[in-house]
Amino acid sequence: MATKKIVTVVGARPQFVKAAVVSRAISKANQENGAALTEEIIHTGQHYDNGMSQVFFDQMDIPAPAVNLNIGSGQHGETTGKMLHGIEQELLARSPDLVLLYGDTNSTLAGALAAVKLHLPVAHVEAGLRSYNRTMPEEINRIVTDTISTHLFCPSSSAEMFLHREGITKGVHVVGDVMVDALLYYRSKAIAPTIDGPFALATLHRAENTDNPARLKGILEGFRQSPIPIVLPIHPRTEKALKTIGLSLPDTVVTQKPASYFEMLGLLKDCRFVLTDSGGLQKEAYVLQKRCVTLRDETEWNELVEADCNRLVGANTSMILEALEWADTPLKVSTAFYGDGESAARIVEILQAA
Ligand code: UD1
């Protein structure tokens, strides 16, 4: 069998989690199923702090990147442009058969554009997600990436439906969500949190919240009135925004450094419920049977709202307060919305046959 060369492009924290399980599935397919796939990872350097990047490679045994472009932070156009240039150079030097991308970050967009300009097929993991809010940078990144991808791996049947609505029907596969694979695979490695007593887990980093003082204040006022402490592993973007606006966190909030994947699993397992504006955490909460209060006006995971696992509250203080009561009640959902934890194996099988 001829060897198929895959180049994977990652750059931001959630992509490391997703790439971890697919990289493992590639090695497994090579060892057990006679597959002949090679993988080289290009890290754009979008996330560069140890706690946002290296710790994930270490904990999750992700193969070391073949190269780190060290692009770092900056304006979207500037960083995406630098990534596009850097990735193109790497793809020219490495001549892969396929470029593998994850999610909806600027690193995803740059990888997709660099690949198609060189007529290389793109495989997009987490295809078809839509918030229908085009002011979100992620929404534009998704639409563009999906439009130019050859293989589109959807985490849910609603994602497939969204693609169909846009006329994208070729190469679409509903494989389930690789984040569920990661959660099930690594859950026994969870690091127990040190906090005593009941607590809620929060994350907050979306530009639409951190860069809008009124929204940030609305959310923090909700947090201030929480009856239980809220553990907030703080994203560097949020920390900077608080300083710039001159806001301090209420006493109910216990901050800590960005959590590693295993720390996050421990917090998720032990918390009463979740408050977040992240995409991934909404699903992780549901898999671990925790209710989720989503600090956004829309979600890509509508099935969770319909199943009453998730409530959209935006940045509205009174809606947050109402949801805090709702959230602290038991949850038991048996529907497997996002697959069975074998999504990565399916992806690899399809790529091998492609
Ligand atoms: C990016 C993704 C978002 C994803 C998130 C996960 C885009 C458009 N957004 O958002 O979809 O949910 O990653 O975290 O790609 N910073 C550091 N150290 C780091 C990384 C970032 O200090 O290691 C700071 C920088 O000041 C930077 C800011 O955080 O300006 C934002 O980082 P950036 O990568 O632009 O976007 P995120 O908000 O992390």
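One-based numbering, in listed order, for ligands and for the atoms of each.
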Which protein non-hydrogen atom lies closest to [atom], naming both residue and atom, and how far is it?
| atom | value |
| --- | --- |
| atom 18 (N) of ligand 1 | Asp49 OD2, 2.9 Å |
| atom 5 (C) of ligand 1 | His205 NE2, 3.6 Å |
| atom 8 (C) of ligand 1 | Asn106 OD1, 3.4 Å |
| atom 9 (N) of ligand 1 | Glu138 OE2, 3.4 Å |

Could you tell me, atom by atom, which parts of ligand 1 come under 4.0 Å of a heavy atom of [X]?
| X | answer |
| --- | --- |
| His235 | 14 (O), 29 (O), 37 (P), 38 (O), 39 (O) |
| Lys240 | 22 (O), 24 (C), 25 (C), 26 (O) |
| Asp104 | 11 (O) |
| Pro236 | 16 (N), 17 (C), 18 (N), 22 (O), 24 (C) |

Could you name the option among Ala110, Ser73, Ser278 that has the heavy atom nearest to atom 27 (C) of ligand 1?
Ser73
Could you pull out, from Arg142, His47, Gln46, the option with a heavy atom nearest to atom 13 (O) of ligand 1?
His47
Examine distances only and state if a side-chain atom of Asn316 and a backbone atom of Met319 form a donor-acceptor pair shorter than 3.5 Å.
yes
Residues 187-204 vs side-chain hydrogen bond (donor to acceptor under 3.5 Å, both in side chains), sequence neighbours excluded, gives Thr203-Thr276
Tell me, which pairs form a side-chain hydrogen bond (donor to acceptor under 3.5 Å, both in side chains) where one or both residues lie in residues 221-230, sequence neighbours left out?
Glu221-Arg224, Glu221-Gln225
Polar proximity ligand 1 side, [X] side, N/O cut 3.5 Å exclusive:
| X | answer |
| --- | --- |
| Thr105 | no |
| His76 | no |
| Tyr48 | yes |
| Ser107 | no |

Parallel, tilted or perpendicular: which fits the ring planes of Phe262 and Tyr186, with parallel below 30° and perpendicular above 60°?
tilted
Do the side chains of Arg130 and Asp146 get close enough for a salt bridge, i.e. N-O under 4.0 angstrom?
yes
Test: Arg206 and Glu138 ion pair at under 4.0 Å:
yes
Are [X] and [Y] close enough that some pair of their side-chain heavy atoms sits under 4.5 Å apart?
| X | Y | result |
| --- | --- | --- |
| Thr38 | Lys4 | no |
| Ile168 | Leu152 | yes |
| Phe162 | Glu300 | no |
| His235 | Pro258 | no |

At under 4.0 Å between heavy atoms, which part of [X] makes contact with ligand 1: side chain, backbone, both or neither?
| X | value |
| --- | --- |
| Thr79 | neither |
| Pro14 | side chain |
| Arg237 | both |

Taking atom types as modelled and ignoring hydrogens, do the side chains of Ser73 and Tyr48 form a donor-acceptor contact shorter than 3.5 angstrom?
yes
